[in-house]
Amino acid sequence: MNLTSHKTKFISGEVICPGDKSISQRIVILGSLLNCDMKVKGFLNAHDPNSTLNALNKIGAAIEKQEDKVFLQKRKNSFKSSLEDLDLGNSGTGMRLMMGLISGLQIKAKLIGDSSLSNRPMLRVIKPLEEMGALIKSNKGKAPIEILESSISNDFVYKMPIASAQVKSSLMLASLASHNSITIYEPKITRNHTERMIEYFGGKLEYSNNKNGYIKLNKSNLKPKKNYNVVGDFSSASFIIVATLIAKQSEVLIKNVGLNPTRNGLIKVLSMMDANIEIKNQKLICNEESGDILVKSSNLKGIEVPEEIIPNIIDEIPILSIAAAFAEGLTSIKNASELRVKESDRLNAISDGLDKLKIKHDMFNDGILIEGNDNLVDFDGYINSFDDHRIAMSFLIAGIRSKKGISVKNCQNIETSFPGFKATMTKLGMKINEKN
Ligand code: S3P
């Protein structure tokens, strides 16, 4: 499916942010481990969380879904090996977290994914899981991944070579499911939804009090709860935020956005760029900060993005690049080589799109330098989304500041994270239509 977004004078209104993808996946995994009756509200009903939910049901979980409500049910039987393949679709989080869970449960399963997921690096999870005692076969470190009956050791200590919340969470789930403790050192602080959720259900964690510190998960008996509410996805909100900033005379209120400090680094970065963003109604929902974000059009200025914040804006760099393209001066993003192994090689995908829009930039191995300006972009052909949801949405947002609109090829993967994207942006005043 190809989409075209059109030049938009201004956008305005109020929208409710869709559920957080990372948290939706974690609550069905952790909820299944808790083995209780629990109602989850605000679940992101999109391809990625749904493929994780389906995979869990194939290993014996009892989860039902009605739109954005999920009902976890107490099971009579324990988890079981799956004879059928578990298809995690496009979801790196789904595959890596399920690898940890399945290893910890000491059951067998084969995990597969789409062509993008089958090309993503899995050794970052396979290696430490094997050191913990997991038995794993893979296609040279990539999917398909076959997990055989594993026996996970206690008191494992792991120093992560890369800053990755997926690796951290996978290892914690392996320990949790096998009733063991684990200590993980992370080189930079990454998103901490797994830790927060474990603590919400009464698990015991210890942290070092310096930056490059450790997280220790002690043997814990988690306590079930009847309800869980998923806060809104900051990553989805970021498309609406940048759309408002680059449109003229615009003002938008985004309600119920997750504001976990390990996720919302983009607010800090955009504020450094002189963005007009206000947070209202802050509260804690199921151990996650949330609030409403009021955004107004702004004249953005280019900046050097601080390197330590990169893991906390990693999924927002495509849309940050669009903000940078319409900001005055240079924006530099460094130390972001992880972008090369996301749903697409995102540095390459951003550069390819900016090239077509004639936005001056230099791409490096681990980052990009973008020279922005206030002009409207003038372009006829198609931007390649590289089948990547965040690339597709980013360039569609850039259409706001185009002379003749922007067409993006293969936008179907928007369904993996933000199925209501087109409807939401249309409600705010953008015009986006299908193009053959
Ligand atoms: C995620 C962690 C991030 C992020 C991904 C979701 C998670 O990946 O890019 O979209 O839910 O843990 P890494 O932890 O591999 O950087």
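Quick caveat: nothing in here was measured; it's all calculated off a predicted structure. Note that these values count all heavy atoms, side chains included, but never hydrogens, waters or copies made by symmetry. Numbering of ligands and ligand atoms starts at 1, following listing order.
- The cationic group of Lys225 lies under 6.0 Å from the six-membered ring centre of Tyr200 and within 45° of the ring axis, placing it in a cation-pi geometry.
- Between the side chains of Ser220 and Asn218, no donor-acceptor pair of N or O atoms lies under 3.5 Å.
- Using a 4.0 Å cutoff on heavy atoms, Arg26 counts as a contact of ligand 1.
- Of the N or O atoms in Ser164, one or more lie within a sub-3.5 Å distance of an N or O in ligand 1.
- Contacts with ligand 1 closer than 4.0 Å are made by side-chain heavy atoms of Arg191 only, the backbone lying farther away.
- For Lys159 and Tyr185, the positive end sits near the middle of the six-membered ring, less than 6.0 Å away and at most 45° from its axis.
- Residue nearest to atom 3 (C) of ligand 1, selected from Arg96, Glu338, Lys342: Lys342 (by heavy-atom distance).
- Scanning the protein heavy atoms around atom 14 (O) of ligand 1, the nearest turns out to be Ala165 N, 2.6 Å.
- Checking only distances, Gln166 does come within under 3.5 Å of ligand 1, N or O to N or O.
- Considering Leu339, Asp315, Val125 only, the shortest heavy-atom separation from atom 10 (O) of ligand 1 involves Asp315.
- Note that CG of Asn192 is 8.5 Å distant from CD of Glu199, once rounded to the nearest 0.5 Å.
- One side chain, Thr93 or Gln166, offers a donor N or O that lies under 3.5 Å from an acceptor on the other.
- Distance check, rounded to the nearest 0.5 Å: CG of Leu320 to CD1 of Ile303 gives 7.0 Å.
- Within the structure, ligand 1 has Ile314 among the residues with a heavy atom less than 4.0 angstrom away.
- When hydrogens are left out, the protein atom nearest atom 6 (C) of ligand 1 is Thr93 OG1, 3.3 Å; that is the closest non-hydrogen contact.
- Separation of atoms OG (Ser236) and CD1 (Ile241) is listed at 10.5 Å; rounding is to 0.5 Å.
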